[in-house]
**Q** 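Got a structure for you, written out below as structure tokens; questions coming shortly.
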Amino acid sequence: MAGRITDRRLSRRSVVTAAASLGIAGLGGGMLSGCAGGGSRSGEVEFWSQLAGSKRKAGVALGEQFASGHPEISVRESLYGSPNQLNQKLLTGIVGGTLPDLFIQHWDYSLIYASGGRLADLEQLVPNTARLTERFANYSRLGGTLISAPLYGTARALTFNADLIGEAGLDLDHPPANWADLRGWARELTRWDGDKLVRAGFHFYSNDLELYEAFTLFLQGAGGSLLNEDGSDVAFDSDAGVAAVEFMARLVVEDRVTVPGFGIGDSSSAPFPSGRAAFSINGNYGLTSAEKGKINVAVRSMPGQDGGYTSLIDPFAFAIPEQAAAKEAAARYVEFALDVERQIAFAATSRNIPAIPAAAESEVIKKDPLLAAFVEAAGHAPERAPVTPAATRMIPVIARSVSSVFYGRSSPAEAVRSAAAKIRPFVQVGS
């Protein structure tokens with residue numbers, strides 16, 4: 001599946017210069033024009049939103065459509081430019097008792113907010129949450145309660161520069177089917193000029209989040225998982241965890257198909273969209289600007305160690321505080337957003353994966369081959385989600401333990417044991 005992509009992925013915890021990227025002022029909680037219609041209103045919903053950047057056009061359309069069909073409900077939207085910015089606002093709101101009626105945030109943050117019964121059970125408020133893709137919904141369940149409802153998700157797959165692949169005589173109709181193939185392609189496509197890496201054969205991380213996600217994918221590809229079945233303990237300090245780190249170290253240290261820090265601080269853009277990486281682990285988050293680029297992209301699913309495929313998904317979900325004054329009105333907004341037609345429209349405009357299977361399988365989504373490839377990749381993600389309120393704490397610990405191997409400071413076995421020892425107390429107490 002081919003197309004064009006230009007923008008690199010920013011970490012979803014990176015602070016976005018929102019006023020510049022969105023062309024508006026006062027993003028840090030300033031009120032935007034609401035989704036108001038005419039007539040009398042029985043509800044006024046305070047909505048803290050992160051539908052910014054590539055999602056803004058789709059978010060505005062969703063709000064306008066809701067207003068047209070629900071003139072009795074006024075939705076006042078405060079827009080935030082990054083998950084971190086919204087997280088700080090929500091944590092302040094928890095302490096001060098000033099939470100909104102509705103917010104939308106990445107799934108792992110909401111696990112933190114839910115402690116003490118702060119978030120409403122959306123299965124009781126929003127009937128059509130029963131339509132959610134089970135893999136997405138699993139990220140939103142805590143103790144049997146659906147604490148959030150995904151609007152959409154992203155998935156991970158391999159994105160290839162099809163032109164470079166063709167020049168090397170490799171065949172994208174027969175992409176890497178296992179780790180040996182992946183390593184062979186990466187070595188074949190890497191270019192060095194003396195001691196300078198000119199082109200990474202396989203560039204799979206630029207920051208802690210991306211390194212954590214790469215480890216997760218290789219861990220799963222080796223048959224492992226981050227947590228045990230009931231989420232009560234870590235499970236990556238295993239043979240699969242060691243195999244994942246060993247393979248990553250071979251790529252970075254032995255084969256030098258990429259190097260730590262490659263592309264960071266350069267005046268040009270990131271390695272893959274600038275043509276300095278032949279393929280990369282990526283997501284559908286960059287596809288909205290694909291037509292503006294010069295990279296001919298092909299998307300293929302991530303292979304496992306000995307075959308098969310793996311992926312991970314990252315749902316972006318609505319939540320309603322239990323004590324929200326306009327709880328019922330907020331629930332109507334979520335219900336509207338989970339309608340199949342609304343799901344198709346939002347996904348097609350923002351180029352994200354719908355949270356409702358009927359939408360993901362629609363002809364509209366299939367007509368976008370790159371997005372359709374990520375929809376397919378999402379089906380390779382584990383059925384069981386690594387749900388723990390400690391999820392955000394795991395990211396830097398795992399990433400830095402893995403990178404210590406690249407710098408020769410620890411062995412793969414030492415790295416996974418060390419990371420597990422640091423994370424286990426947080427997971428076991430459910431904090």
**Q** For Tyr212, give me all partners under ring pair (Phe, Tyr, Trp, His ring centres under 6.0 Å), at least two apart in sequence or on another chain.
**A** none
**Q** Tell me, yes or no, whether the heavy-atom count around Glu254 atom CD, taken from other residues, nucleotides or ligands under 6.0 Å, exceeds 12.
**A** yes
**Q** Would you say that Pro175 contacts Leu158 through its side chain, given a criterion of any heavy-atom pair below 4.5 Å between the two side chains?
**A** no
**Q** Closer than 4.0 angstrom, basic N to acidic O: yes or no for Lys366 and Glu363?
**A** yes
**Q** Could you tell me which non-hydrogen atom of Phe204 sits nearest to which non-hydrogen atom of Ala214, and how far apart they are?
**A** CD1-CB, 3.9 Å
**Q** Between Arg135 and Thr133, do the side chains contain a donor N or O and an acceptor N or O under 3.5 Å apart?
**A** no
**Q** When rounded to the nearest 0.5 angstrom, what is the spacing between OG in Ser110 and CZ in Arg118?
**A** 12.0 Å
**Q** Does Leu79 reach the side chain of Gln50, with side-chain heavy atoms less than 4.5 Å apart?
**A** no
**Q** Does Asn228, at its CG atom, have more than 12 non-hydrogen atoms belonging to other residues, nucleotides or ligands within less than 6.0 Å?
**A** yes
**Q** So, is the end of the Lys57 side chain (NZ or CZ) under 6.0 Å from the ring centre of Phe346 and within 45° of the ring's axis?
**A** no
**Q** Would you sort out whether Val427 and Leu227 count as a side-chain contact (heavy atoms from CB on, under 4.5 Å), showing the intermediate values?
**A** CA-CA 9 Å; Val427 172; Leu227 303 178; 4.2 Å; yes
**Q** Just verifying a value: how many Å separate Leu122 CG and Leu146 CG, rounded to the nearest 0.5 Å?
**A** 5.5 Å
**Q** Do Gln65 and Phe336 touch side chain to side chain, with heavy atoms closer than 4.5 Å?
**A** yes
**Q** Check whether any side-chain N or O of Glu246 sits under 3.5 Å from a backbone N or O of Pro412 as a donor-acceptor pair, and report yes or no.
**A** no
**Q** Would you say the side chain of Phe272 lies within less than 4.5 Å of the side chain of Ile295, judging by non-hydrogen atoms?
**A** yes
**Q** Show the nearest heavy-atom pair for residues Asn128 and Asp339, with the distance to one decimal.
**A** ND2-N, 4.0 Å
**Q** Below 6.0 angstrom between ring centroids: does that apply to Phe136 and Tyr152?
**A** no
**Q** Are any side-chain N or O atoms of Gln220 and backbone N or O atoms of Ser311, one a donor and one an acceptor, separated by less than 3.5 Å?
**A** yes
**Q** Distance-only, no hydrogens or angles: does the Gln428 side chain make a donor-acceptor pair with backbone N or O of Pro425 under 3.5 Å?
**A** no
**Q** Would you call Arg183-Asp255 a salt bridge at under 4.0 Å N-O?
**A** yes
**Q** Looking at every non-hydrogen atom in both residues, tell me the closest pair between Arg351 and Asn284 and how far apart they are.
**A** O-ND2, 3.2 Å
**Q** Please check: side-chain N/O of Gln343 versus main-chain N/O of Ile356, any donor-acceptor pairing under 3.5 Å?
**A** yes
**Q** State whether the side chain of Asp101 and the backbone N or O of Ala330 hold a donor-acceptor pair below 3.5 Å, judged by distance alone.
**A** no
**Q** Find the distance between CG (Leu151) and NZ (Lys55) and round it off to the nearest 0.5 Å.
**A** 10.0 Å
**Q** Can you see which heavy atom on Phe262 is nearest to which on Leu197, and at what distance?
**A** CE1-O, 3.4 Å
**Q** Enter the distance from Ile398:CD1 to Thr216:OG1 here, rounded to the nearest 0.5 Å.
**A** 6.0 Å
**Q** Before you tell me yes or no, could you show the steps for Thr258 and Arg256 under side-chain hydrogen bond (donor to acceptor under 3.5 Å, both in side chains), namely the whole-Å CA-CA distance, both residues' side-chain angles and the distance that decides it to 0.1 Å?
**A** CA-CA 5 Å; Thr258 190; Arg256 300 200 301 166; over 6 Å; no
**Q** Give the C-alpha distance, both sets of side-chain angles, the deciding distance and a yes or no for salt bridge (charged side-chain N to carboxylate O under 4.0 Å, His left out) between Arg300 and Glu376.
**A** CA-CA 9 Å; Arg300 300 292 185 269; Glu376 179 183 348; over 6 Å; no
**Q** Is the shortest side-chain heavy-atom distance between Val95 and Leu91 below 4.5 Å?
**A** no
**Q** Hey, is the main chain of Ala390 close enough, under 3.5 Å, to the side chain of Thr388 for a donor-acceptor pair?
**A** yes
**Q** In chain order, what residues pass the ring pair (Phe, Tyr, Trp, His ring centres under 6.0 Å) check against Tyr139, with sequence neighbours excluded?
**A** Trp107
**Q** Suppose we screen for ring pair (Phe, Tyr, Trp, His ring centres under 6.0 Å). Which residues come up paired with Phe47, at least two apart in sequence or across chains?
**A** Tyr333
**Q** Which residue, Phe318, Tyr113, Tyr109, forms the ring-ring contact (aromatic ring centres under 6.0 Å, His included) with Phe103?
**A** Tyr113
**Q** Side chains of Ser232 and Asp230: do they bring a donor and an acceptor to under 3.5 Å?
**A** yes
**Q** Should Arg156 and Glu213 be marked as a salt bridge (charged side-chain N to carboxylate O under 4.0 Å, His left out) after you check the CA-CA gap, both sets of side-chain angles, and the distance that decides it?
**A** CA-CA 9 Å; Arg156 304 296 177 268; Glu213 290 186 348; 2.8 Å; yes
**Q** Answer yes when Arg332 and Glu72 have at least one side-chain N-carboxylate O distance shorter than 4.0 Å, and no when they do not.
**A** no
**Q** What heavy-atom pair brings Leu338 and Ala149 nearest, and what distance separates the two atoms?
**A** CD1-CB, 4.3 Å
**Q** If you apply the rule side-chain contact (heavy atoms from CB on, under 4.5 Å), what do you find for Val340 with Ile344, and how did you get there?
**A** CA-CA 6 Å; Val340 173; Ile344 292 172; 4.0 Å; yes
**Q** Does a side chain donor of either His380 or Thr310 reach within less than 3.5 Å of an acceptor in the other side chain?
**A** no
**Q** Do Glu322 and Lys327 sit within salt-bridge range, that is, some charged N less than 4.0 Å from a carboxylate O?
**A** yes
**Q** Hey, what do you get for NZ (Lys294) to OG (Ser274), rounding to the nearest 0.5 Å?
**A** 12.0 Å
**Q** Testing the 3.5 Å rule here: is there a donor-acceptor pair between the side chains of Ser350 and Asn352?
**A** yes
**Q** Check the pair Glu123 / Thr129 against side-chain hydrogen bond (donor to acceptor under 3.5 Å, both in side chains), numbers first and verdict last.
**A** CA-CA 6 Å; Glu123 285 181 314; Thr129 54; 5.3 Å; no
**Q** Has Ser280 got a side-chain atom pairing as donor or acceptor with His203's backbone, closer than 3.5 angstrom?
**A** yes
**Q** Does any non-hydrogen side-chain atom of Val387 lie less than 4.5 Å from one of Asn138?
**A** no
**Q** Whether the side chain of Arg56 engages the backbone of Leu51 through a donor-acceptor N/O pair (distance < 3.5 Å, no angle test) should be reported.
**A** yes
**Q** Is there a donor-acceptor contact under 3.5 Å linking the side chains of Ser410 and Ser404?
**A** yes
**Q** To the nearest 0.5 Å, what is the distance between OG1 (Thr159) and CG (Asn282)?
**A** 4.0 Å
**Q** Can you check whether Asn84 reaches Leu86 side chain to side chain, under 4.5 Å on heavy atoms?
**A** no
**Q** Heavy atoms only: give me the nearest Ala243-Gln305 pair and the separation to one decimal.
**A** CB-NE2, 4.4 Å
**Q** With distance as the sole test, does Glu335 use its side chain to make a donor-acceptor pair with the main-chain N or O of Ala331 at under 3.5 Å?
**A** no
**Q** Heavy atoms, side chains only, cut-off 4.5 Å: are Trp48 and Leu90 in contact?
**A** yes
**Q** Within the distance-only criterion (no hydrogens, no angle test), does the side chain of Ser418 pair as donor or acceptor with the backbone N or O of Glu414 below 3.5 angstrom?
**A** no
**Q** Only one of Phe202, Tyr407, Phe406, Phe247 forms a side-chain contact (heavy atoms from CB on, under 4.5 Å) with Val252, so which one is it?
**A** Phe406
